[in-house]
Amino acid sequence: MDVPTKEERTAIRESVRQLCRDFPDPYWREVDKKELYPHAFVDALTKSGYLAALIPEEYGGAGLGITEASIILEEINRAGGNSTACHAQMYIMGTLLRHGSEEQKRRYLPGIARGDLRLQAFAITEPNAGSETTRIETRAVRNGDRYIVNGQKIFISRVKQSDLMLLLARTTPYDELQDKTRGLSAFIVDLRNVKGKLEVQPLDLMINHHTNTVFLEDVEIPAENLIGEEGMGFRYIIDGWNAERILIAAESVGDGRWFIERASKYASERVVFGRPIGVNQGIQFPIAEAYAHIEAADLMRYEAAAKFDRREKCGAEANMAKYLASEAAWEAANVCLNTFGGYGFARDYDVERKFRETRLLTTAPVSNNLVLAFLGQNVLGMPRSY
Amino acid sequence: MKILVCVKQVPAKDSPLRLTEDSTWIRDADLSYETNEPDAFALEEALRLKEKHGGEVVVASVGPARVQQAIREALSKGADRAIHIDDDSGSKLDSFFTAQLIAEAVRSEAFDLVLTGLQSDDLGFAQSGVILAELLGLPHATIIMEVEVIDGRLKVKRELEGGWFQWVEMPLPSLLTIQSGINKPRYATLKGIKAAKTKEIRRVTPAELGVKPDEAAARNQLRRIYVPVKTKKTEFIEGPPKEAAAKLVEKLQREARVL
Ligand SMILES: Cc1cc2nc3c(=O)[nH]c(=O)nc-3n(C[C@H](O)[C@H](O)[C@H](O)COP(=O)(O)OP(=O)(O)OC[C@H]3O[C@@H](n4cnc5c(N)ncnc54)[C@H](O)[C@@H]3O)c2cc1C
């Protein structure tokens, strides 16, 4: 892959920005309020090829790197939108690209690139395992040319808005394992044609993510849908974590910039006690501080992304970027809400919506405690908590 | 069909507009830029005509180095090549100068159709297109809302006042100034952005075209720009109620013009 030029990156940013202008605040407000899925937005994005950024050209994608993909998600959030409606495909693309067979890539990638096939769901989290992924219990047992899956997943987003779902399930019982990171396998589940019973129960959450509990009862998955080797699934998922963290960092930066922009504008315009509230340092400095934190986090995000795209080790940088950016976005969210006073709580100002949305990024898809644990244990060599 | 689209880069709509110290322009440093809206519609119309009738779409833009961004955007959307007339002086204010530059830059090429936006979002003269038509010796029509090419001739719909439209038949080659809303401009695709990298941008200067910026400056000078000052005046109308009421009605009609 030849490295995109600065101009190309600017062009990508500008084009996404232009596209987002056609989906202004009221669009996202309504999607949120009525708990809709932003179909029109996702369609526009897909048609213009943005969701196929990471898919290699030979499979019909744009063959770009994580830096460019992250710019796309950042701009969506920066424009006031919510990229979670469509980021999953980018999060999990690495697993399919690096570990999927040639046949699987030929089968799925061109359709995903064209927008005919939606790979928007991944099912990892379980009620009895939580952050300890190696403890998941959903069982996949091989039976001839297929696997039979039974179990339960929780917090699985966009199952109803996807054609394909990446599933992590246990193929060897935990007790039989020497290496506890083995024994899990990754599958592609074709949701258009489920054999067995896959029940999807929507969860009532603080944000509009179309998140569900999923019950799997004798769900049949053809063996050809196993990704890579049996028992190596957790490794494949971990492999995708750096990409995921960099993308979340970028989404956070986008949110942060949205909050800063809205807050500084409002602080300059809102007049109380005969002067704009922004002249008060109690209002002005927190905005400036949050701004500085966002910009600093952004540098770490680009450092991580550049290393990732050069195929260098970037675990430390990706985790730091995710941590710094999601915390900075949350700081900016609070600062923005403070600046708007009571109006910040009114839905018409969109601050409360973005506030709820950005809050997730410190917790999911991975909570910042686990990010710090990675830094403490894997980078700084301190004793493990797990 | 060989189509030329003239594209201008203008300050973005949400840019902060602050005046320079000497109040002769707005402060460039604060501005971000975007493609002039009607020009984006003109480009889209050109791309659609090319998709229907084949041919080539060429974009031309006058301005400093920054306008390459607008050019690249057009190339990403599907224009085939571009001409950048690199100028940072007279074209700012003088439509005649802008039109002259474009005319000289494209004179040697035989375009079947030239499209411009109706007017620019910043200065709004609506002149560059029609002057360009004159300089190239082409017939033109303005405020176009629909374009059809039938048997080598044009049939175009013009927007008039008060919800009226006019259909005009014209020969080719011609020049049309396009009204916003004629179509729905496409978004640049990721692949388009990648492909744009290898497309030709020919850069020319006013000197190379034999057009002198000084002449433009001599034709047109901007003395001062300012933000309109709001004033408030309270007037008491004296006299008996009947006369006062009559006076009030007259003022509302003649001065305030609200009746
Ligand atoms: C809106 C939403 C959408 C989601 N979408 C998906 C999806 O599509 N697919 C999917 O698979 N999952 C999804 N998730 C799940 C998400 O990834 C998990 O919620 C997250 O990984 C945390 O797991 P948990 O909720 O079980 O928390 P727990 O693991 O129970 O953790 C609770 C708290 O304890 C802390 N903690 C746990 N262990 C340690 C430790 N060793 N050291 C320090 N602190 C610790 C955690 O950091 C956290 O603060 C989604 C969640 C939400 C809220």
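So you know, we letter chains A, B, ... as the sequences are listed, proteins then strands, and number each from 1. Keep in mind that what you see is a predicted model, and the values were worked out from it rather than measured.
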Problem set entry | Side chain / backbone / both / neither for B:Glu34 at chain A, heavy atoms under 4.5 Å | side chain
For this session: Name the region of A:Arg21, side chain, backbone, both or neither, that has any atom closer than 4.5 Å to a heavy atom of chain B.
Result: side chain
Seminar exercise, completed: Result for salt bridge (Lys or Arg N to Asp or Glu O under 4.0 Å) between A:Arg13 and one of A:Glu75, A:Glu7, A:Glu68, A:Glu8 points to A:Glu75
Exercise. Between A:Phe23 and A:Phe41, how do the two ring planes meet: parallel, tilted or perpendicular, split at 30° and 60°?
Worked result: perpendicular
Problem set entry | Under 4.5 Å from a heavy atom of chain A, the part of B:Lys184 involved | side chain
Problem set entry | Test: B:Lys2 and B:Asp112 ion pair at under 4.0 Å | no
Problem set entry | Row check, B:Tyr33 ring normal vs B:Arg66 NZ/CZ: under 6.0 Å, within 45° | yes
Problem set entry | Atom group of A:Gln18 that falls short of 4.5 Å from chain B, counting heavy atoms | both
